[in-house]
Amino acid sequence: MDKKKLAGIIIVVIILAFSFFNLFKNKTQDIEDFEINPNEIVNRLRGEIVYVKRDGNFFNVYTISANGNNEKFLYHNVDAINSNCLCPEWSENGSRIYFTAMRGGRWKAFSMNIDGGDVILEQKEPCLGDVGPKDKDILWERGSLFRVDDKGERTIIYYHKNFNSNFNVGANSAAWSPDKNFIIFELNGFIFIADKDGRSMKEIIMGSYPNWKY
């Protein structure tokens, strides 16, 4: 190979490696900055969270207490094309869990009981991975989260410093707790809970698409 071409390839590899290193460092720093008074919030958290977590190649459905204890595996989907589960959420009365999974190569909506059994097909549209805020008074802007009051005034919940639409999208899948005193969301593959004033925040567990019930 021509020496100039080889030198050019080496330079490109070094630049890419440096870029990915900085990206990883920035992500890690964001999480460290975000851990504000993490222990203060724990004793105020109650209820249960349903979410998906990657086990090997696939996302499975789990539940965990909102304080980060008692994680339980609930369900693994089996499909020849795609065995992932998406978008779990509690039914209105908390007796069942809705989720999206593939059957015969097509995404469909299902529900199951709270122990992961009695899985049935639902006649509703499947969720295909919307990661925007689920509540209109939570604003997502370039990876940052804000609470918006009736007058349109913002309270910052989480500020994201290194937004990148492809590699570092910041907070997503944000939603209120049932009593609207906390906001739950995903950040870099982990589930976080923050109080409504952004003063106390806690990493709960690795996972995606969290949904909370009391």
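Using a 4.5 Å cut-off on side-chain heavy atoms (C-beta onward), N164 and V169 make no contact. Residues T63 and L74 form a side-chain contact, since some pair of their non-hydrogen atoms from C-beta on lies under 4.5 Å apart. Residues Y62 and V52 are not in side-chain contact: their nearest non-hydrogen atoms beyond the backbone lie 4.5 Å or more apart. The shortest distance between side-chain heavy atoms of N211 and Y209 does not fall below 4.5 Å. Considering only heavy atoms from C-beta on, I183 stays 4.5 Å or farther from F192 through its side chain. Side-chain contact between F146 and T155: absent, with no pair of heavy atoms (C-beta onward) separated by less than 4.5 Å. Looking only at side-chain heavy atoms (C-beta outward), N77 and N84 stay at 4.5 Å or farther from each other. With contacts defined as side-chain heavy-atom distances shorter than 4.5 Å, the pair F190/I204 does not qualify.
Annotation: the span from M206 atom CE to E186 atom CD amounts to 10.5 Å, rounded to 0.5 Å. We find the NZ-CG distance between K196 and D149 to be 11.5 Å, quoted to the nearest 0.5 Å. The CD atom of E203 lies 9.0 Å from the CG atom of L187; values are rounded to the nearest 0.5 Å. Of the inter-residue distances, the one linking N168 atom CG with N188 atom CG reads 5.5 Å to the nearest 0.5 angstrom.
Scanning all heavy atoms of the two residues, the minimum distance from A194 to M201 falls at CB-CG, 3.7 Å. Considering every non-hydrogen atom in both I41 and K202, the closest pair reads CG2-CB, 3.3 Å. Closest of all the heavy-atom pairs between P88 and V50 is CB-CG2, 3.7 Å. Here the closest non-hydrogen pair linking I157 and G198 is CD1-N, 3.8 Å. Considering all non-hydrogen atoms of both residues, Y158 and A171 come closest at CD2-CB, 3.9 Å. Nearest approach of F73 to N60, heavy atoms of both residues: CE1-CB, 3.7 Å.
V61 and V78 are members of different hydrophobic clusters when ILVMFWY side chains are connected at heavy-atom separations under 4.5 Å. Using a 4.5 Å cut-off between side-chain heavy atoms of Ile, Leu, Val, Met, Phe, Trp and Tyr, with links allowed through other members, F58 and L86 fall into different hydrophobic clusters. Under the 4.5 Å side-chain heavy-atom criterion for ILVMFWY residues, no single connected hydrophobic cluster contains both W107 and Y98. With hydrophobic clusters built from ILVMFWY side chains whose heavy atoms lie under 4.5 angstrom apart, L128 shares a cluster with F59.
N70 is linked by a side chain to side chain donor-acceptor pair (under 3.5 Å) to S65, counting only residues two or more places apart in sequence or in another chain. Every residue two or more places apart in sequence or in another chain was checked for a side chain to side chain donor-acceptor pair (under 3.5 Å) with W90, and none qualifies. In this structure S83 satisfies the side chain to side chain donor-acceptor pair (under 3.5 Å) test with no other residue, sequence neighbours excluded. In terms of the side chain to side chain contact (heavy atoms under 4.5 Å, CB included) criterion, residue partners of N93 (sequence neighbours excluded) are, by chain and number, S91, S95. Residues passing the side chain to side chain contact (heavy atoms under 4.5 Å, CB included) test with N57, sequence neighbours excluded: none. F99 is linked by a ring-ring contact (aromatic ring centres under 6.0 Å, His included) to Y75, F110, counting only residues two or more places apart in sequence or in another chain. Under the rule for a salt bridge (Lys or Arg N to Asp or Glu O under 4.0 Å), the partners of K180 that lie at least two apart in sequence or sit in another chain are D137.
Applying the side-chain hydrogen bond (donor to acceptor under 3.5 Å, both in side chains) test to residues at least two apart or on different chains, the pairs with a partner in residues 110-120 are R96-S111, R96-D118, S111-E122. Legend: salt bridge (charged side-chain N to carboxylate O under 4.0 Å, His left out) pairs involving residues 42-51, not counting sequence neighbours, sorted by first then second residue: E40-R44, R44-D195. Among pairs with a residue in residues 77-86, none fulfils salt bridge (charged side-chain N to carboxylate O under 4.0 Å, His left out), at least two apart in sequence or across chains. For residues 139-148, the pairs satisfying salt bridge (charged side-chain N to carboxylate O under 4.0 Å, His left out) are E141-R154, R147-D197, with sequence neighbours left out. For residues 51-73, the salt bridge (charged side-chain N to carboxylate O under 4.0 Å, His left out) pairs, not counting sequence neighbours, are K53-E71.
Counting only distance, with no hydrogens or angles, the side chain of S144 and the backbone of Y159 share no donor-acceptor pair below 3.5 Å. Judged by distance alone, with hydrogens and angles left aside, the side-chain atoms of W212 form no donor-acceptor pair with the main-chain N or O of I184 at under 3.5 Å.
Classified by interplanar angle (parallel below 30°, tilted 30° to 60°, perpendicular above 60°), the ring pair H160/F163 is perpendicular.
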